[in-house]
Engineer: 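Mind looking over this structure? Questions follow.
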Amino acid sequence: MLDTLIAGLLRGNVYALGAVGISLVFGVMNVVNFAQFSFFGLGAMLAWFFIATLGLPFWLALPLVLVICGGLGLVINITVVRPLAKFLPLAAMLSTYAVSQILDNASQVAFSAQFRVFPAVLPTSNLQIGNMRFGTSDVVMLGTTAVLMVAMSLFLKYGRIGRAIRATSQDQEAALQMGIPVALVQHVSFVIASALGGLAGVFIALYVGVANPSSGLNIGLTAFVAATLGGLGSLVGAVIGGFVLGILESFGIHFFGDTSRQIIIFVILIVVLIVRPGGLLGKIPLISTEPLTGTFLGKGRPFRIPRWVWPVAFLAIGVLIPLTGNNYILTTGTQVLIYAIIAAGFTVTAGQAGVLALGQAGPIAIGAYISAALTLYLDFSFWVALPIAGLVAAIVASILASPIWGVKGHYISIATLGLGIAIVAVIQLVVPQGLYNIPVPQWFGTPLSTPTAYYLIDFGVLVVTLLVMFRIRSSHLGKVISSVGSDEVAALASGVRGRDYKALAFAISAFFAGIGGSLLAHQYTYIDPTIFTMLMSLLVVTIVIMGGVGLPYGAVVGSIILIGAMELLRFTPELRIMVYGLVLILVVRFRPGGILVRNS
C-alpha cells in the first residue's frame, strides 16, 4: 500500500501544480481557462526537444520551458482573454478553448503527434524504503513543488503584486477603486498559471517516461477537477485538492483497475459539488443565475432575415444537395445535419433555461449505444430504436443529473461536464471494445445505406427537430423555461420552480442528443467510447454559440460553418483545427452573441 500512496502523491503533485494555475486565473478573472490544459502537453514536448534534440541539460531546459510557457500565457491573456473577460465570461472561456486547440495542434505540427520517450535525466529507482523502490526524480518533483508552494505563499502574503492578486480575487471592483493595477495583476496571474502548467507537463513526462503533445487534455481535466475539489479561486484548496485527488485516484486504480479512473474522478467531483458546491475551501456561490450564459445573450445587432430565405434554404438543403451532390458532399452533409439536430435541441438548455451544460457527449453516447444494442441484439427496427434511444438518453441523463440542479453559478456547468465524462467512462467499462456491424436503416426491407439515403433521413429528422423546438419556444412551457433563464429569482418569486424547469430543459436537450447519437451509430455502423469525448461536447456548445445561443435555426448555421466549411481543410487535420480555433476566437470577439443573435 505504501507504493500506491507514493504513486498517489506523485500524481497529486502534478495535479496540484495545474490546479493552482487554474484557480489563480479563475480567482482574478472569473474565467475557466481551458488553454491551461495545453501547457501540460506543450511543456512536456518543449522539455523533450531541449534535452533530447538540442542536448541541453535538464536544469537548463526546465527554466526555458517556464519562460516560454509563461510568455505564451501573457500573449494569450493580452490578445484573447482579457478583452472579453470583463464583459463576457462565456466568450472568454470559449476563446481559451479555441486557443487550446490552436496550441495543441501547433505543437503536433512542430513535434508530430507521436509519443516520444522522455530522456532519463534523473534516476527513477535508486532509492528504497522497505520493499518499495523510488527514485531521485520522485524526490526532486515533490521537493520542487513544495518549494514553489512555499514561495507562492510568501509571494501572495508579503509581495506587493501578491497582495494585489489576493485583493483582486476577493473583489475586482473594489481593487480597481483602491488603485490596484488589475490589468497587471491579471497578466502576472496568467504568466504564473501558464508556467506552472508547463512545469506540471514536464513532471508528468518525467514520471511516466513519455511525452505527447496531445496529453494535456486528460491531465488538464483532472487538474481542473482538483481545483474544483479544493475550491476554484483558493490556491491552498487547489494544492489540497490535487494531492487528495491523486491519492484517491491511485488507490481506486489499485483496487478497481485503470478503466475506473475517470469514473472515480468525476464521481468525486459531482459529490463534492452537491455536498459542498464551492469546494473544500472555496466560497459557496450565492448567485442564482448562470453567469456564463446570461452575460452572453443579446450582444450584437440582430440580423433581419427576409421570409423568402427560409423556403429557399429548405429547397437548397433538402432538394438541391441530395439531387446534385456527390458522395463526399452528402457524407459531409450528414455530419452537418446530425450536429445541427443535437445543437438545436441544446438551445432549450443554453438559450432558454440559461444553463451552459458541458457534457452533451454523455447523452449522445447513451443514444448511440441503446439504438445499436436494440437493433443488434433484439432485432428492433431502426425506426423504433431511434425514438427509444432519445427517450432512454433523456431519462438516464435526467436521473443522473437530478442532484446537480441545486448547484449555482459556474459549478453547474462543471457538474454537467463531469456527468458527461462519467457516463462515457461507465459505458467504456461495460462495453470496452465498442459495437460493430450495427444494422443500417431499412424501408420495407430495402437497406437505406447510400449517402443520399442517410442525408435524407437526417434532413427529415432535423426538420422535425426544428418544428418541435419552435413549438416549445412559442408554448407556455417555453416561456416559463425562458423566464428561469432570464431571472431565476423573479421566476421563483412568481411560483416557478426553477430547478424543475432546468431539469426538464436538460431532458429535452438529452432527448435530441440521444437521437443524434442513434443516427451516428447507424451511419458509422460501429461505435466505441473514444468517439464521445469532451471535444464533442464542446463542439456542440460552440455550434450553438456561433449560430446564436437562443435560436434553433442558428444551430444549423453554426453546424454548416464548424462542420461543413471546416471539411475544406480535411487534408490537413492539424491546420483544420487551428483554423477552427481562429474562427471561433474571431466570432466571440467581434460577434459575441452569435451570427444570428436575437434581441435580449
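Since this is a predicted model, take the numbers as computed values, not measurements.
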Engineer: Please round to the nearest 0.5 Å and tell me the distance separating atom CG of Asn212 and atom CE of Met45.
Structural biologist: 7.0 Å
Engineer: Kindly determine whether Phe224 and Leu417 satisfy side-chain contact (heavy atoms from CB on, under 4.5 Å), including the steps that lead there.
Structural biologist: CA-CA 11 Å; Phe224 180 58; Leu417 170 64; 4.0 Å; yes
Engineer: Under 4.5 Å between any side-chain heavy atoms of Trp48 and Thr53, yes or no?
Structural biologist: yes
Engineer: Report yes or no: does Thr334 contribute a side-chain atom to a donor-acceptor pair with the main-chain N or O of Thr331 at less than 3.5 Å?
Structural biologist: yes
Engineer: Using the side-chain contact (heavy atoms from CB on, under 4.5 Å) rule, take Phe58 and Val202 through it: C-alpha gap first, then chi angles, then the decisive distance, then the call.
Structural biologist: CA-CA 10 Å; Phe58 177 70; Val202 175; 3.9 Å; yes
Engineer: Within a strict 4.5 Å, meaning less than it, do heavy atoms of the Phe346 and Ile543 side chains meet?
Structural biologist: no
Engineer: Show the numbers, then the answer: is there a side-chain contact (heavy atoms from CB on, under 4.5 Å) between Phe203 and Thr145?
Structural biologist: CA-CA 10 Å; Phe203 281 178; Thr145 299; 3.9 Å; yes
Engineer: So Leu10 and Met141, do their side chains get closer than 4.5 Å, heavy atoms only?
Structural biologist: yes
Engineer: Judged by atom type as modelled, is there a donor-acceptor pair below 3.5 Å linking the side chain of Ser107 to the main-chain atoms of Leu103?
Structural biologist: no
Engineer: Measure the spacing between CG of Asn13 and CD1 of Ile204 and express it to the nearest 0.5 Å.
Structural biologist: 9.0 Å
Engineer: For the residue pair Leu206 and Val121, establish whether any side-chain heavy-atom pair is separated by less than 4.5 Å.
Structural biologist: yes
Engineer: Looking at Leu358, is its backbone amide N or carbonyl O close enough to the side chain of Thr416 to form a donor-acceptor pair, meaning the two atoms are under 3.5 Å apart?
Structural biologist: yes
Engineer: Scan Thr96, Asn33, Val81 and name whichever one has a side-chain contact (heavy atoms from CB on, under 4.5 Å) with Ile76.
Structural biologist: Val81
Engineer: Would you name the heavy atoms of Pro529 and Val431 that are closest together and state the gap between them?
Structural biologist: CG-O, 4.1 Å
Engineer: Where the side chain of Ser169 meets the backbone of Gly27, is there a donor-acceptor pair that is under 3.5 Å apart?
Structural biologist: no
Engineer: Minimum heavy-atom separation for Gly231 and Ser23, please, with both atom names.
Structural biologist: O-OG, 3.7 Å
Engineer: Examine distances only and state if a side-chain atom of Arg116 and a backbone atom of Ala52 form a donor-acceptor pair shorter than 3.5 Å.
Structural biologist: no
Engineer: Got a second to check how far Asn77's CG is from Leu72's CG, nearest 0.5 Å?
Structural biologist: 12.5 Å
Engineer: Just how far is it from atom NZ of Lys157 to atom CZ of Arg166, taken to the nearest 0.5 Å?
Structural biologist: 8.0 Å
Engineer: Short question: side chain of Gln36, backbone of Ala193 - any donor-acceptor pair under 3.5 Å?
Structural biologist: yes
Engineer: Thr332 side chain to Tyr328 main-chain N or O, any donor-acceptor pair under 3.5 Å?
Structural biologist: yes
Engineer: Would you say the side chain of Arg82 lies within less than 4.5 Å of the side chain of Phe190, judging by non-hydrogen atoms?
Structural biologist: no
Engineer: Check Val65 against Ala47 and note the closest heavy-atom contact, atom names and distance.
Structural biologist: CG2-N, 3.7 Å
Engineer: Can you tell me if Ser559 uses its side chain to pair, donor with acceptor, with the backbone of Val336 under 3.5 Å?
Structural biologist: yes
Engineer: Quick one: pull up CD1 in Ile563 and CG in Leu539 and give me the separation to the nearest 0.5 Å.
Structural biologist: 4.5 Å
Engineer: Looking only at heavy atoms, which two atoms of Ala393 and Ile366 are closest? And how far apart?
Structural biologist: CA-CG2, 3.6 Å
Engineer: So, for Ala368 and Ala521, which heavy atoms are closest and what is the spacing to 0.1 Å?
Structural biologist: O-CB, 3.7 Å
Engineer: When rounded to the nearest 0.5 angstrom, what distance separates CZ in Phe243 from CG in Leu229?
Structural biologist: 13.5 Å
Engineer: Where is the tightest heavy-atom contact between Leu17 and Leu196, given as atom of each residue plus distance?
Structural biologist: O-CB, 3.7 Å
Engineer: So, do Leu245 and Thr222 sit near enough that their side-chain heavy atoms are less than 4.5 Å apart?
Structural biologist: yes
Engineer: Please determine whether the number of non-hydrogen atoms from other residues, nucleotides or ligands lying under 6.0 Å from atom OH of Tyr526 exceeds 12.
Structural biologist: no
Engineer: Checking side-chain contact (heavy atoms from CB on, under 4.5 Å) for the pair Phe532/Ile427: CA distance, chi angles, key distance, verdict?
Structural biologist: CA-CA 10 Å; Phe532 309 100; Ile427 292 174; over 6 Å; no
Engineer: Given 3.5 Å as the limit, does a donor-acceptor pair link the side chain of Thr136 with the main chain of Pro123, or not?
Structural biologist: no
Engineer: Are any non-hydrogen side-chain atoms of Val208 and Phe118 less than 4.5 angstrom apart?
Structural biologist: no
Engineer: Is any side-chain heavy atom of Ser189 closer than 4.5 Å to one of Ile165?
Structural biologist: yes
